[in-house]
J.: 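The structure is given below, and queries will be raised subsequently.
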Amino acid sequence: MSTPGPLEPEFVGKTYDDFLFRPQAGVAESRRSLSLRSRLIGDLGLELPIVSANMDSVTGADMANAMALAGGVGILHRALSIGAQVEKVRQVKRRHGHVVEQPLCLPRSASVREAREFTRQHGVTGLLVEEARGSRVLAGLLSHRDLPWSEGDEERPIEEFMTPFVRLAVGPPGIGAAEAERLLFERRVEKLPLVDDGRRIIGLITKRDLMLSRSRPGSSQDPKGRPLVGAAIGARGDFLERAAALHEAGADLLVIDIAHGHSRAMADAIAAVRGRLEDVPLMCGNVGTAAGARFLAERGADAVKVGIGPGRGCRTRLETAAGVPQLQAIREAWCELGESVPIVADGGVKDDKDVFLALVCGASTVMLGSLLSGTDEAPGRVIEDPRSGEKRKIYRGMTSPQAVLEALYDEDEESVESALDTPAEGQEIQIPYRGSVIDILHRIQGHLRSAVSYAGESSLAAARARVLPDPRRYLIPLSDAARRESFER
Ligand code: XMP
């Protein structure tokens with residue numbers, strides 16, 4: 001579909017509120033079945049083309065988990081130590097997925113009392129039994145049903161109660177979900193330990209996890225059925241070490257996020273990450289021009305993040321005059337790259353309609369910050385005004401003085417001084433508390449499906465294919481009066 005060319009003059013100086021979409025004859029029979037699948041990066045696609053911003057008031061483990069469940073993806077922010085960010089990746093990866101990578105174990109000599117306390121403490125219904133403590137050699141399986149009732153048995157070893165290895169159904173390390181499901185059913189069991197040739201424990205598949213992952217067909221999953229998650233790394237300081245640790249912990253994509261992505265610092269950072277982690281999917285940004293998009297693509301970015309200054313918590317344009325109206329920036333990037341590298345439209349989305357405009361003008365996915373903040377899943381506490389009773393949450397630009405100071409807690413003196421010398425280009429605001437982000441994502445999904453149906457197509461991919469070559473045929477430029485008629489309510 002790629003027909004890149006020069007930017008159409010109609011997009012110069014234009015952003016989301018400058019256009020409406022001309023309705024087309026409808027074809028979709030049911031909006032519910034309409035596919036919104038879109039490319040995120042590399043081979044990864046999303047059923048809901050929404051990415052939550054790597055900001056400390058937007059994406060922590062809870063948000064990333066909710067995003068993946070809803071079919072999008074979250075990018076964990078980096079305003080914390082490497083260890084803490086890695087732990088967040090692990091938290092997301094542990095939540096669901098059909099393979100438990102490090103199943104809990106006790107040695108066969110452990111007492112019934114120890115097993116009882118262990119299962120209670122970790123909230124599990126059964127555990128693997130290993131030959132000797134730390135050996136990871138599978139000796140058997142102990143479920144809560146195996147534990148004796150009588151109090152007199154508390155000091156007896158669990159090997160007397162477990163199902164021994166010879167009677168267990170086990171699977172090989174790389175077993176797929178379908179094969180595991182078949183084995184579990186055939187043997188009428190609920191847990192399938194995965195072992196290598198030497199009986200060493202590699203993982204565990206449970207019926208419950210398989211059923212859960214089947215009940216979420218639209219969710220974003222890695223090949224092991226775990227939630228998809230991305231993580232930001234930056235381009236300075238410990239970014240390389242951070243990248244390696246996040247990759248090792250299972251992050252599915254890394255994001256080199258700096259304010260001015262069309263820069264030497266970015267080129268050096270991409271080269272350094274590529275030198276260490278050749279194949280990791282790398283999203284890079286931000287840029288706002290065709291030249292910036294080309295620069296990132298040529299240096300090996302697998303996805304290009306577009307947006308200079310449109311963000312709600314951002315003061316860049318006010319303070320430096322640097323910036324490109326967001327729809328122009330998206331279109332410039334697409335006219336330069338076509339579909340060769342996916343474009344992520346980052347920032348400035350105020351209304352759900354903006355998501356659709358971004359997608360049909362060039363973006364493959366849309367990154368949201370403020371629209372997803374103020375929710376239960378966003379980090380930070382709900383603040384309640386004692387007089388009005390109104391509930392709010394903090395949303396702040398990542399270079400706001402507050403965010404910068406908090407992110408520096410584990411930095412050396414020199415970095416702290418240099419950060420404090422840099423003028424802030426972000427601000428902190430309070431957003432009304434909005435409940436669960438799942439409801440917001442559901443609403444965006446519904447509106448996006450309706451928009452696709454107004455575009456006369458039965459999938460987002462088809463709507464993009466139709467509009468992208470020449471959006472001018474479909475967009476109506478608005479007068480001030482038309483804008484008032486459309487958006488003032
Ligand atoms: P929205 O409009 O969705 O934008 O809230 C989210 C995006 O804003 C960017 N961002 C910043 N930009 N100074 C900036 O110039 C900042 O302090 C800042 N913090 C966030 C970022 O691209 C994010 O995804």
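Just follow the structure's listing: the first ligand is 1, and inside any ligand the first atom is 1.
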J.: Testing Thr365, Asn286, Asp257 for side-chain hydrogen bond (donor to acceptor under 3.5 Å, both in side chains) with Lys305, which one passes?
T.: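 The residue from Thr365, Asn286, Asp257 that satisfies side-chain hydrogen bond (donor to acceptor under 3.5 Å, both in side chains) with Lys305 turns out to be Asn286.
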J.: Test the Lys350-Phe487 pair against the cation-pi criterion, namely NZ or CZ under 6.0 angstrom from the six-membered ring centroid and within 45° of the ring axis.
T.: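 No.
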J.: For atom 11 (C) of ligand 1, what is the closest protein heavy atom, and at what distance to 0.1 Å?
T.: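 For this ligand atom, the closest protein heavy atom is Cys314 CB, 4.0 Å.
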J.: Using a strict cut-off of 4.0 Å, indicate which atoms of ligand 1 neighbour a heavy atom of Thr316.
T.: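 Reading through ligand 1 atom by atom, the close ones are 14 (C), 15 (O).
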J.: For the CD atom on Glu485, are there more than 12 heavy atoms of other groups (residues, nucleotides or ligands in this structure) within a distance under 6.0 Å?
T.: no
J.: Under 4.0 Å, counting heavy atoms only: does Leu371 come that close to any atom of ligand 1?
T.: no
J.: How about Tyr454 and Phe21: are their ring centres within less than 6.0 Å of each other?
T.: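 No, they do not, as the ring centres are separated by 6.0 Å or more.
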J.: Examine ligand 1 and decide if any of its atoms is less than 4.0 Å from a heavy atom belonging to Gly348.
T.: yes
J.: Could any protein non-hydrogen atom be found less than 4.0 Å from atom 18 (C) of ligand 1?
T.: yes
J.: Going by the order shown, which atoms of ligand 1 are within less than 4.0 Å of some heavy atom of Ala53?
T.: 24 (O)
J.: So for ligand 1, is Arg315 a polar contact partner (N or O within less than 3.5 Å, distance only)?
T.: no
J.: Which atoms of ligand 1 are found less than 4.0 Å from any heavy atom of Thr399?
T.: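 Contacts of ligand 1 toward Thr399, numbered from 1: 13 (N), 16 (C), 17 (O).
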J.: Short list, please: which atoms of ligand 1 are under 4.0 Å from a heavy atom of Asn286?
T.: 22 (O)
J.: For ligand 1, find out whether one of its N or O atoms is nearer than 3.5 Å to an N or O atom of Met398.
T.: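 Met398 vs ligand 1: N/O contact under 3.5 Å present.
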J.: Please list, in number order, the atoms of ligand 1 under 4.0 Å from a heavy atom of Gly426.
T.: 16 (C), 17 (O)
J.: Using a 4.0 Å cutoff against the non-hydrogen atoms of Tyr395, which atoms of ligand 1 qualify?
T.: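 Ligand 1 atoms under the 4.0 Å threshold to Tyr395: 1 (P), 4 (O), 5 (O), 6 (C).
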J.: Based purely on interatomic distance, does Gly369 place a nitrogen or oxygen under 3.5 Å from a nitrogen or oxygen of ligand 1?
T.: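 Right, the criterion is met.
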J.: Once you round to the nearest 0.5 Å, how far does CG of Leu46 lie from OG of Ser38?
T.: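 If we round to the nearest 0.5 Å, Leu46:CG and Ser38:OG are 7.5 Å apart.
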